[in-house]
Amino acid sequence: MTRPVVTRFAPSPTGFLHIGGGRTALFNWLYARKHGGKMLLRIEDTDRQRSTQPAIDAILDGLKWLGIEWDGDTVYQFARAARHREVAEQLLAEGKAYRCYATADELAAMRDKARAEGRSKLYDGTWRDRDPAEAPEGVKPTIRLKAPLSGETVIDDQVQGRVAWQNENLDDLVLLRGDGTPTYMLAVVVDDHDMDVTHVIRGDDHLINAARQKQIYDAMGWELPVMAHIPLIHGPDGSKLSKRHGALGVDAYRAMGYLPAALRNYLVRLGWSHGDQEIFTTQEMIDAFDLPAIGRSAARFDFAKLESLNGHYIRQSDDQSLVTLLEDLLHYIPQGPAIAARLTETTRAQLLQAMPGLKERAKTLLELLDNAGFILAGRPLAVDPKGQAVLTPETRELIGRLRAALEDVSPWTAATTEAAMRAFADQAGLKLGAVAQPLRVALTGRTTSPGIFDVLAVLGRDECLSRLADQAA
Ligand code: GLU
C-alpha cells in the first residue's frame, strides 16, 4: 500500500522567513496539495543560542501571509530531544553505533593530519572497535554511527538524479554529543521518520546531509523518504543572492507592497516551469506542480519580473480587496500610522472610487498608496518641488478664477466638471492643459496624477473647492 504523501517544511528559527525558505515551503505545500496529502511544519530549534521566539513568529507570520497553511500542530524539534537520544541508545545497543572518547585535542590533531594528507574523512575511527574499558577518565563520550566503510551511499534524487558518495570518504558521524544533546543529523532523521514524512523537499545545500542521513535510515532499517533537493536562488548575475538582489525576508516583500498571490506565482516559477506558462492560479499551480520539472541549475532572482507580475495581480484584484490590502500595508511601513490616521469612511470610499484608475498604473501596493496620496493628504496640501514650479503668481490667479467657475457646477461629476473646465479654458483663450496642470497641482500637490476629472469627482465638490482656495492668489 502506498503511504499518503506527507511533506514538511523545517526551518531553523534563527532569522526571518527568507525568500528561499518561502519557496521551499511553497513547493512542499503544492506537492502535498497536489497529492491530497499533508504538509507539516517543524521548527528546528535545537540551536538554543540562535533560535528566538521573534524568529519563530516571523516564520509563522510569513507563511500565513503567503497563504501557505500547514497541517496539524507545529512540531518543535527541541522538545523531542529525549526521543532522539532513545534512537541513539538503540543504535548503540544494537552495535550499530559506538561511544567515542576522543578528546577535542585529539580530534583537532586527526583533522589536521587528514587535511594535510588530502583526505576528506576527518575522523579516523579510533574508537570504532576499541574496548570502552580503555576509556580515559573524565571524557564524556559522543555516540557515533558505525557507518559502512566501503561501497557507496546513493540517493536517487527527484531533482538531482542519482547522487553517489564513496563510503570510504564519509566519517562515522556523531549522533549524540558529549553533553547528551542530539546532533542535527540525527534529529532530522528521527523526526522525519516519526512524522511519517514521505517526501523531503529542501534546498540543495542539504544534499550532502542527505548522504549522512541515509546512513542513519539504513542503520535503523527505516525507509528513506523520496528526496528532492532544489537549487538555491542566485542573484541576477548568477552570484550568491545578496540583499540588494532580493535576499530578504518575506516580511520585506510584504512591506514593499507585493501581493501574496504575486509572490507565490513568482516563487513557483523560480526554478520550476510548466511549458511557457507564467501566470498560475493557485489551483493551476497545484495541478501542474511536479518535482522532476524543477530545474537543476540555480534560479536567478529578477526583481523586474516580480514587479511586472505584481502589477498584473494588482490590476486583476477587485477594488475593495485592494483598499483592504492598502490598509493592511499600513501596519508594515514607517509612514503607516500617519496615513492610517487619515482613514475615514469618506477617504475609504474615495479610495474605492478612485481604484479603477489607480490600479492601472501601480506595480506595487506602495506605488498604489503613493498614487492615492492625494486622497489621504491633509490640507493645506504639501506640494512637491515640481508642483511648486507650476504655482506662479499667474497660475495662482488662474486657480482663483477656475475655482469661481467650478463653484456652481451641479451635480459634481467627472463629466460636469470637465464641461465646466472646457468652457472656462475657451473663455480664457487657454488650452485645456494650461488649466489642467495648475488644477492638478492644487488638488494633488503633484504634476502627475490619475485623470484630472476623476480626481475632481473622487475628491468631491467641497474638498476640491477648499484645496483650490488654499492655492488661489
Ligand atoms: N532546518 C534546516 C534549514 O533551515 C532544514 C532542514 C531540512 O529541511 O532537512 O536549513
Side-chain angles (χ1 to χ4, degrees), residues 5-32 37-63 66 68 70-71 74-81 83-84 87 153 155 157-160 163 173 175 181-217 220 222-233 240-241 247-250 267 271 291 294 298:
V5 166
V6 178
T7 66
R8 76 340 184 241
F9 179 52
S12 304
T14 54
F16 44 50
L17 176 62
H18 186 273
I19 191 74
R23 183 185 59 156
T24 301
L26 178 64
F27 284 8
N28 277 287
W29 182 74
L30 290 173
Y31 195 80
K38 290 188 172 148
M39 183 190 95
L40 308 180
L41 178 64
R42 182 172 71 233
I43 302 288
E44 302 208 315
D45 56 350
T46 44
D47 183 339
R48 302 312 284 167
Q49 306 293 296
R50 295 175 61 222
S51 301
T52 68
Q53 190 59 43
I56 295 176
D57 294 342
I59 291 168
L60 302 186
D61 256 18
L63 289 174
L66 265 179
I68 297 175
W70 57 97
D71 297 290
T74 305
V75 173
Y76 290 85
Q77 190 162 60
F78 180 68
R80 295 180 35 81
R83 166 69 179 145
H84 304 147
V87 170
T153 294
I155 303 285
D157 193 276
Q158 293 282 297
V159 177
Q160 310 287 334
V163 190
L173 64 104
L175 302 170
T181 57
T183 57
Y184 161 73
M185 223 56 91
L186 175 67
V188 168
V189 170
V190 175
D191 290 349
D192 282 340
H193 172 265
D194 289 1
M195 290 163 76
D196 290 324
V197 169
T198 58
H199 291 71
V200 169
I201 305 167
R202 61 186 173 190
D204 68 5
D205 49 334
H206 287 287
L207 186 58
I208 175 67
N209 294 338
R212 324 306 302 275
Q213 291 166 3
K214 166 109 184 353
Q215 293 185 332
I216 304 177
Y217 277 98
M220 287 300 292
W222 289 342
E223 190 183 337
L224 185 77
V226 174
M227 295 274 169
H229 287 91
I230 48 184
L232 299 185
I233 304 171
K240 191 170 178 289
L241 193 64
L248 301 164
V250 165
L267 288 177
L291 300 173
I294 297 173

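Atoms within each ligand, like the ligands themselves, are counted from 1 in listed order.
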Just jot down the ligand 1 atoms closer than 4.0 angstrom to any heavy atom of [X], in number order.
X	answer
Arg8	7 (C), 8 (O), 9 (O)
His206	2 (C), 3 (C), 5 (C), 6 (C), 10 (O)
Ala10	1 (N), 2 (C), 3 (C), 4 (O), 5 (C), 6 (C)
Glu44	1 (N), 2 (C), 5 (C), 6 (C)

Q. When you check the gap from the basic side-chain N to the acidic O, do Arg80 and Asp194 get nearer than 4.0 Å?
A.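 Yes, this pair counts.
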Q | Short N-O contact, Arg42 and Asp192, less than 4.0 angstrom | A |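 Yes, Arg42 and Asp192 are salt-bridged.
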**Q.** Residue part near ligand 1, for Ser12, under 4.0 Å between non-hydrogen atoms
**A.**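 Both backbone and side chain of Ser12 come within 4.0 Å of ligand 1.
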(Q) Please work out, at 4.0 Å between heavy atoms, whether the side chain, the backbone, both, or neither of Tyr184 comes within that distance of ligand 1. (A)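 Side chain only; the backbone of Tyr184 stays clear of ligand 1.
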Q) What orientation do Tyr31 and His199 show, parallel under 30°, tilted 30 to 60°, or perpendicular over 60°? A)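 Tilted: the ring planes of Tyr31 and His199 meet at 30° to 60°.
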Q. CZ/Phe16 to CG/Asp61 distance, rounded to the nearest 0.5 angstrom?
A.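 Here the rounded value is 14.0 Å.
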Q | Non-hydrogen side-chain atoms of Gln160 and Met227 separated by less than 4.5 Å | A |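 Gln160 vs Met227: side chains apart.
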(Q) Other residues, nucleotides and ligands only: do more than 12 of their heavy atoms fall within 6.0 Å of CZ on Arg83? (A)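 For Arg83, atom CZ is crowded (more than 12 foreign heavy atoms under 6.0 Å).
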Q. Below 3.5 angstrom, do we get any N/O pair linking Arg42 and ligand 1?
A.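 In this structure, Arg42 places no N or O atom under 3.5 Å from an N or O of ligand 1.
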